Amino acid sequence: MSSDPLIAAALLGTARISVLPAPDPCLEEAWGKLAADDPGRAILSALALTRAMRIAGVETVADVDEESVSPPESRGYFPTVGVALALRLLGGEFPEVLPEWLRLASGSNWILPPRVLPELLGMAGSPPLLGPAALRLAGERGLWIARRNGEFAWLLDDSVVGEDAWETGQGAERIAWLRQKRAADPAAAADVIASHWAGEDATMRDGIMRLISGHPTACDEAWLQSHALADRRQDIRELAAACLMRITGSGFRSRAIARVLDLVRTERRLMKRVIKVIPPAAFDPAWAAEGIKQKPPQGIGEKAWWLRQMAALVPLDDWPELLAVGRDDLFALAREKDWEEPLLAGWIEAARRFPDRALAETFIPFIAITEPWPQGAHPRLQLLHGLLDAMSAERRHDMLDRLAKILAPALALDLLARCGSPESSGKGMVILSVLEKEMAATATFLTRPQARALATCVPAAQIQACLEGLAKLPGISPSAEDFATVLEFRRSMISQFQLPSAR
Amino acid sequence: MLNPDQITAIAPDASSLKAGREIGTGRKWEVTGGNEEVLWGLAMGSGKNPYQTVVALPDLASKCSCPSRKFPCKHALGLMFLSVSEPVADGPPPAWASEWLESRAARVEKAQSAVQEKSAKPVDARAAHKRRVQREGRVAEGVFLLRQTLVDLTGEGLAGGSARNPEFWADLAKRMIDCQAPGLAAAVLHIGDTVLLDAQVDTELPFELGRLHLILHSLESREAHDPTVQADLRALVGARSDAGEEAGEAIEDDWFVAARKTEERDRLLTSTSWMLGVKSGRWARLLRFAPAHLTLAEPWAMGTAARAVLRFRPGSYPLRANAEVEVPSQPAAVPEIQEPDLDTLLERFATALGTDPFLRSLPFLIALRPSTRGSLLVDATGRGLPWAARSETALRVDCICGGQPTSMCGEWDGRRINLLAIRDGEAWITLTGQRL
C-alpha cells in the first residue's frame with residue numbers, strides 16, 4: 001500500500017475510512033468542509049490537483065554515473081543506399097547472399113553506421129564468417145558497445161583484452177585472453193588451462209577446445225591427455241584425440257600409429273598389391289583411455305568395430321607412409337573383402353576428423369562413386385561438403401569440374417551451391433555450364449531454395465551475361481525466376497562496392 | 001519524387017514489402033510508364049494476362065487487377081520501388097490507367113460538390129438547434145454517468161474490484177460512445193488497456209481517475225469557462241466542431257517531420273505526426289486515421305520538411321493542426337532550434353500545464369544521451385530524466401549516442417520520456433517500431 005495518505009485513502013475506499021487526509025496543510029480548513037460533504041468527489045479533486053502539482057513540479061536529477069564515450073572512428077560510414085541494403089540483409093532478406101556481402105563489406109573501407117549495429121550484433125556469430133567481419137564492420141562504436149554489454153562480448157574475440165580478462169571477463173573475453181596468451185607464452189597458457197579445466201563449464205571447455213584444435217602444440221599434450229581426453233562429453237574427447245594426433249611426437253599419436261601398423265599391411269597377390277588386415281584378437285583395456293569403445297553398435301562385429309575406430313584415429317595423409325605406397329595409389333589398392341567395409345568406414349571417419357589431411361584430390365573422386373556406402377558411416381554428401389570446405393578455392397572448383405563429369409547434375413550442383421562462386425578464372429567452368437543448362441530448362445529438378453543458393457555461385461563478372469541469357473528465353477521455371485531475382489540483387493549489391501569510396 | 005521510406009511506410013506487412021522489392025525490377029514488368037501524377041505498369045504474374053497496376057503519386061493511392069486482398073498489393077509497391085531505382089518511360093497513361101484516374105477524380109468531385117451542396121443549403125436553424133440540444137443532452141448523461149461511476153469506485157476503493165477489471169472499463173467506454181462522447185470513451189479505454197498494465201498502477205490509477213474527474217467537473221460547468229477552455233473541453237469530449245466556431249491560428253513555416261507513431265485501437269489506425277516549425281519553433285500534431293485493415297499513406301516522410309500552412313485548432317495550448325494544402329516535402333537537416341537542456345523542457349511543460357491542465361504530454365527536440373546505467377536520459381549539462389524504452393530501442397539509442405549527447409525527439413508526460421526519433425549522422429531515425 002502506498003505511503004502517500006491520499007493514494008492510500010483512494011486505494012482503500014472512502015467508505016472504509018472516517019478521516020480523509022488533506023492534500024496539503026494549507027488547504028486543511030477548506031478540505032474539512034469539502035471532504036465531509038462528498039468524500040468521493042473531494043478525494044478525486046485532490047488527486048487531480050496533486051497529479052498536476054507532481055507532474056508540473058518534476059525536477060531533473062544529476063547523472064552520477066561515470067561517463068564513458070566511444071572513441072572516434074578512423075573510417076567512413078557506408079553510403080545511405082548501402083545502409084538500406086545492409087539493413088535488408090541483416091534483417092533476413094537474401095540470407096544466401098549474406099556471406100558474400102560480409103566478405104565485400106569487411107573488405108571495403110566502410111563501417112556500418114551506429115543505427116545498424118543492433119542488427120549486426122544481434123546475429124550473434126551466425127553465420128560463422130560473422131565474427132571477424134563484424135569486428136571490422138562494427139568499428140570503435142561496436143567495440144564500445146560490446147564492452148558495456150556482456151551478450152556481445154563475442155565481438156571482443158580478436159580485440160586486445162586486459163590482463164585480468166581470464167579472471168574477471170565474460171566467456172568470449174577469456175577465450176580472447178587465452179588466444180593472446182598462447183601466442184605469447186604457450187607453456188603458460190597450457191598451465192592455465194590445466195589448472196582451471198575441472199572448474200570450467202561445458203561451454204567454456206568447448207570454447208577452449210575449438211581454440212586449441214586449430215594449432216595444438218607440444219605444450220598442450222599433458223592436459224589434453226589427462227583432462228580433455230577423459231571429459232564427460234564425447235565431442236570434447238573426439239576433439240582432444242584429434243588435437244593429440246596433430247601434435248608431432250605425442251605419445252597418443254605414436255600409439256595410434258603403432259596400432260594401425262599392427263592391423264594393416266600390403267602384400268602382393270597374383271599381379272596386384274592388396275591391403276591385408278589382421279584384426280585385433282581381443283580388446284586391450286588400455287585402449288579405452290584413448291577413446292576406443294569396446295562395445296560395437298548393433299549390426300557391427302566387435303573386431304570390425306575396433307578396426308574401424310583405430311583406423312579413424314589416423315589422418316589419411318599418414319597412410320601412404322604406413323603402407324609404403326604412393327599418395328595417389330592408396331585408394332586404388334585392393335582391400336581384403338572381409339575387412340573392406342570397416343576399413344573404409346574408418347577412413348571416412350578419419351577424413352571427417354581431419355578434412356585438411358584427407359588426400360582430397362584422390363579421396364573425393366574415390367568416395368564420390370563408392371558403392372555400397374559403409375553402414376553407419378558419416379553421410380556422403382556431408383563428408384563431401386566438409387572435404388571441399390577444407391580445400392583452397394581454386395582446388396575446390398577444379399575438383400567440382402572433375403565431379404561434374406562423374407556425378408549426377410543434382411548432386412554436383414548441390415556441391416556447387418555449398419562452395420559458392422569460383423574466385424579464379426578458368427576454374428569451375430564445367431560445373432557452371434551444368435548450372436546454366438539446368439536454369440535454361442523449362443522444368444528443373446532444382447527447388448527454389450537450391451536455385452537461390454546457386455545464384456551466389458555465378459562469378460560477379462558473369463552475372464550480367466547470365467541475366468541477359470535468361471531474358472532471351474521464351475519462358476523460365478519458377479526456380480529460375482528466383483535464381484534471377486538473387487542475381488539481380490547481387491548485381492546491385494556488388495555495384496556499391498565498386499564505388500571509389502569503398503576502397 | 002518518391003523515396004523508399006514512404007513506400008516502406010505504406011506496406012501492409014513485411015512479406016508484401018519483401019515481395020514488392022523483388023518485383024521492383026524491370027524484368028518483372030511488360031510495360032511501365034509514369035509522369036508527375038501517376039505511375040502505371042503491366043506486371044507479369046502467374047495469371048494468363050499481366051496485372052494492370054496504377055499508382056496515383058500525390059497520395060500513393062493504387063489500384064491493381066491482381067486478386068490480392070492486401071492494400072497496396074505487392075505489384076503497386078513493386079512499381080513504386082521500380083520508379084525509385086530506374087527511370088520509367090514518360091508519357092500519357094494508357095486507357096485503363098486514365099479511366100481509373102478519371103473515376104477517382106469524379107468521386108472526389110462528387111464528394112466535394114456534396115459538401116458544397118450541403119454547405120450551400122440554407123441551414124435549418126431550428127433543426128440544428130434541436131440536434132445540438134439532443135447531442136449535448138446525451139453528452140451530459142454520459143458525463144453524469146461517468147462522474148458518478150468514478151465516485152462510486154473511489155468509495156469502494158481502487159485497490160481491487162471493478163476498478164482493476166479491464167472489461168469493466170471497456171463496457172464503460174461503449175456507454176460513452178452511446179452518449180456521443182468518443183473522447184471520453186478513449187480516456188476510459190486508456191485506463192483499461194494502459195494504466196492497469198502500468199508497473200505503478202497503485203499510484204497511476206488514482207491519479208488518472210483524478211484527471212478524468214477534473215475533465216468531468218469542468219464539463220459540468222462548461223458554460224462558465226472562456227471560449228478557449230470550452231474548445232479544449234469539446235476536444236476532450238470528442239465532439240465535432242460547431243459551424244461558425246472561430247477558426248484557429250494559421251502558421252506558414254518549414255515544418256520538419258520530427259516523429260511519427262501509429263497506434264491501433266478498436267480497429268482504427270491513428271497516425272500521430274509531430275511537426276516542428278523551423279522558423280516559428282512551434283510544435284504541431286497532425287493526426288490521420290484509417291481502418292485497421294488498410295495502411296496510412298503519409299505524404300510527408302520522417303526527416304523531411306514541407307513549406308506549408310498549418311491551421312491549429314482553437315484551444316488553450318494549441319497543438320492539433322491540419323495542413324491547408326499538402327505540398328510535397330523535401331529532405332531536410334535536423335533543425336537547430338532545439339531546446340538547450342531538460343530544465344528548459346520542464347519549465348515549458350509546467351507553463352503549458354498552467355494553461356491547459358488537461359495536457360498529457362509535450363514533444364521536444366533536445367541533445368541527450370543515455371546514462372551509463374541506462375535509466376536516465378542526460379542532457380549536455382549532466383542533468384537527467386527517467387525514460388522508458390524496449391530493450392532493442394535502448395540498445396539502438398546507446399549505439400547511436402556512443403556516450404555523446406545526440407539530437408532526439410520524444411514526448412515528456414511528467415513521469416518519463418518516451419523517445420520517438422533520433423539523429424544518426426545525417427539520417428533522422430524513427431524509434432517507434434517501424435522499419436528503419
Side-chain angles (χ1 to χ4, degrees), chain A residues 1-2 4 6-7 10-16 38-41 43-52 54-63 65-70 77 80 83-84 87-88 91 93 113-118 121-122 141-142 144-145 148-149 467 471 484-485 488 492, chain B residues 4 18 21-22 25 27 85 147 150-152 154-159 202-203 205-214 217 341-343 346 349-350 353-354 357 371-373 376 378-379 382-385 392 395-396 398-404 413-415 422 424-427 429 435-436:
Chain A
M1 190 65 73
S2 171
D4 182 326
L6 192 63
I7 297 287
L11 292 173
L12 275 173
T14 51
R16 291 194 180 85
D38 191 342
R41 288 188 181 215
I43 212 155
L44 285 165
S45 301
L47 284 166
L49 178 67
T50 312
R51 174 185 174 274
R54 280 198 180 195
I55 63 174
V58 172
E59 291 183 346
T60 54
V61 294
D63 175 30
D65 293 352
E66 194 181 330
E67 269 190 63
S68 164
V69 177
S70 170
Y77 293 120
T80 311
V83 173
L87 277 166
R88 289 176 66 189
E93 278 188 61
R115 64 180 176 277
V116 188
L117 291 182
L121 298 176
R141 188 66 56 90
W144 181 79
I145 286 289
R148 288 157 62 95
N149 292 274
L467 281 168
T485 301
E488 281 172 340
S492 152
Chain B
K18 184 168 177 269
R21 277 187 172 133
E22 289 187 2
T25 167
R27 194 171 50 79
S85 59
R147 198 166 180 204
L150 297 191
V151 171
D152 292 346
T154 316
E156 288 168 16
L158 305 177
D202 281 352
T203 316
L205 180 60
F207 281 146
E208 189 62 28
L209 298 197
R211 176 183 180 274
L212 193 50
H213 171 78
L214 182 65
H217 179 75
D341 52 43
L342 289 170
D343 283 318
L346 291 186
F349 187 62
L353 271 179
S371 59
T372 303
R373 268 180 261 174
L376 297 176
V378 182
D379 62 21
R383 308 287 299 178
L385 285 173
E392 57 264 39
L395 173 64
R396 198 175 308 282
D398 215 13
C399 286
I400 292 173
C401 290
Q404 304 261 26
D413 65 1
R415 285 178 70 204
I422 188 168
D424 182 24
E426 296 305 308
I429 308 298
R435 303 167 199 101
L436 288 184

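We name chains A, B, ... by the order of the sequence lines, and we start the count at 1 in each one. Since we're looking at a predicted model, the values are computed, not measured. Just so you know, these numbers use all the heavy atoms, side chains as well, and skip hydrogens, waters and symmetry mates.
With a 4.5 angstrom heavy-atom cutoff, B/L353 touches chain A only via side-chain atoms. For a residue to count as touching a neighbouring chain, one of its non-hydrogen atoms must lie under 4.5 Å from one of that chain's; by this rule A/A52 touches chain B with the backbone only. Proximity to chain A is absent for every atom of B/D379, based on heavy atoms less than 4.5 angstrom apart. Using a 4.5 Å cut-off between heavy atoms, A/A484 touches chain B through backbone and side chain atoms alike.
Ranked by heavy-atom pairs under 4.5 Å with chain A, the list B/R373, B/E156, B/H217 is led by B/R373. Across B/G403, B/G425, B/G402, the residue that shares the most heavy-atom pairs under 4.5 angstrom with chain A is B/G402. Of the listed residues B/D343, B/L214, B/L342, the one with more heavy-atom pairs under 4.5 angstrom with chain A than any other is B/D343. Of the listed residues (B/G414, B/G354, B/C401, B/G155), the greatest number of heavy-atom pairs within a distance under 4.5 Å of chain A belongs to B/G155. Ranked by non-hydrogen atom pairs under 4.5 Å with chain B, the options A/V69, A/I145, A/V61 are led by A/V61. Each of B/S85, B/S371, B/P357 has some count of heavy-atom pairs under 4.5 Å with chain A, and the biggest count is that of B/S371. Among B/E22, B/K18, B/Q404, B/R21, the residue with the largest count of heavy-atom pairs under 4.5 Å with chain A is B/R21.
Taking OG1 of B/T154 as the start and CG of A/L12 as the end, the distance is 12.5 Å to the nearest 0.5 Å. The distance from the CD atom of A/E488 to the CZ atom of B/R27 is 4.0 Å, given to the nearest 0.5 Å. The line from CG of B/L376 to OG1 of A/T60 is 10.0 Å long, rounded to the nearest 0.5 Å. In this structure, A/N149 CG and B/D398 CG are separated by 6.5 Å, a value rounded to the nearest 0.5 Å. Atom-to-atom distance recorded for A/I7:CD1 and B/L158:CG is 9.0 Å, nearest 0.5 angstrom.
The backbone N or O of B/I400 sits nowhere less than 3.5 Å from a side-chain atom of A/R115 that would complete a donor-acceptor pair.
Other residues, nucleotides and ligands contribute more than 12 heavy atoms inside 6.0 Å of the CD atom of B/E392.
In the model, B/H213 has a side-chain atom that pairs as donor or acceptor with a side-chain atom of A/S45 under 3.5 Å.
Looking at B/R383 and A/D63, no side-chain N of the basic residue comes within less than 4.0 Å of a carboxylate O on the acidic one, giving no salt bridge.
Across every non-hydrogen atom of B/V151 and A/G40, the tightest pair is CG1-CA, 4.1 Å. Taking both residues in full, the closest heavy atoms of B/P206 and A/L47 are given as O-CD1, 3.4 Å, listed atom of the first, atom of the second, then distance. Here the closest heavy-atom approach between residue A/A56 and residue B/A350 is recorded as O-CB, 3.6 Å.
Contacts of A/R51 classified as side-chain contact (heavy atoms from CB on, under 4.5 Å), with partners at least two apart in sequence or in another chain: A/I55, B/F207, B/R211. Take A/R88 and apply the salt bridge (charged side-chain N to carboxylate O under 4.0 Å, His left out) test, not counting sequence neighbours, and it matches A/E93.
The shortest distance between side-chain heavy atoms of A/L44 and B/L209 falls below 4.5 Å. By the 4.5 Å heavy-atom criterion applied to side chains, A/Y77 and B/D424 are not counted as neighbours.
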